[in-house]
Amino acid sequence: MIKFFRKIRQNLLMENKTGKYFKYAIGEIVLVVIGILIALQLNNYNDTLNQNDLELKSLHNLNLDFEFNQNELNKSIEELITIRKKSFIILDNTGSKYQITFDIDSLLQKVSGVPKYYPQNGFLLDLINSGKLGIIKNVILRNKLSSWLPTLETLKDREKSVVIFNQDFLRYVIKNGSWLNSDEKTNDNDIAELKFPKSGFEINNNELLKNVEFENMTENLIVYKSLLLDRHKKLLELNNEIINLLETEIKK
């Protein structure tokens, strides 16, 4: 093709048709420019297809992660609600409200637990660390994804403070009560399978209910874990918003 155009130019020069030569040269330049523009458009089109394909794969991977996170958050929320409920039952039986028929042993294990939330953020972190979060074209979704890690961090900070106070509660029971008595009444299969012997001491954990310090610590447990529950609910709300946006984008 190049040789063909070169031959035409040479013939025009040899025939001394300078005017036609320049017109032809200009036409040839125009054709070359059009060819370049077409090539660029095709390249941009291919790039767009590749970007769209990469975005769709990313949306699917993110959706899998956040569905997992949603499930784990719901588990933690359910556990925290149960812990709070059991803690209020204990408070309803402290001091002058104590009833001889009440048994605290089956509740101690439950109220002393702190659910740990472990999210699945691998793909989101890959996008952020590689600077590819921008492939998500939906600005609202991109902003929600960007706010996920900071919101998660507030939950983890609250979780740490709850764990620290919870350790004080555990130490109090260790000093003033009997975990062996509580283990005997536990519903936790992992603990039950250990088959602990009965305590060698004559001690009744119901005596804890007659101590105002124990009542205060139980009340504080409710406050701390209620604040942690609020963090879980806020994170779940964000998680649900992200899933809804992801599913909308995937269906487009």
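Residue pairs meeting the salt bridge (charged side-chain N to carboxylate O under 4.0 Å, His left out) criterion with at least one member in residues 205-226, sequence neighbours excluded, are Glu207-Lys210. Among residues at least two apart or in separate chains, salt bridge (charged side-chain N to carboxylate O under 4.0 Å, His left out) pairs with a member in residues 155-167 are Lys156-Glu159. The ring pair (Phe, Tyr, Trp, His ring centres under 6.0 Å) analysis of residues 98-137, with sequence neighbours excluded, yields no pairs. Applying the salt bridge (charged side-chain N to carboxylate O under 4.0 Å, His left out) test to every pair with at least one member in residues 117-138, sequence neighbours left out, gives these pairs: Glu55-Lys137. Applying the ring pair (Phe, Tyr, Trp, His ring centres under 6.0 Å) test to every pair with at least one member in residues 124-168, sequence neighbours left out, gives these pairs: Phe66-Trp148, Phe165-Tyr224. Contacts classified as salt bridge (charged side-chain N to carboxylate O under 4.0 Å, His left out) and involving residues 82-96 (residues at least two apart or in different chains) are not found.
Other cluster members for Leu91: Phe88, Ile222, joined by side-chain heavy-atom distances under 4.5 Å among Ile, Leu, Val, Met, Phe, Trp and Tyr. Hydrophobic cluster membership for Leu194: Leu180, Ile191, Phe196 (Ile, Leu, Val, Met, Phe, Trp, Tyr linked by side-chain heavy atoms under 4.5 Å, directly or transitively).
Residues forming a ring pair (Phe, Tyr, Trp, His ring centres under 6.0 Å) with Phe169 (at least two apart in sequence, or on another chain): Phe214. Residues passing the side chain to side chain contact (heavy atoms under 4.5 Å, CB included) test with Asn143 are Val139, sequence neighbours excluded. With sequence neighbours left out, Leu170 forms a side chain to side chain contact (heavy atoms under 4.5 Å, CB included) with Ser112, Asn166, Trp179. Remark: Glu78 engages no residue in a side chain to side chain contact (heavy atoms under 4.5 Å, CB included) (not counting sequence neighbours).
The pair Asp230-Lys234 does not count as a salt bridge, with every side-chain nitrogen at least 4.0 angstrom from each carboxylate oxygen.
In this structure, Ser147 contributes its side chain and Lys144 its backbone to a donor-acceptor pair below 3.5 Å. A donor-acceptor contact shorter than 3.5 Å links the side chain of Asn205 to the backbone of Ser178.
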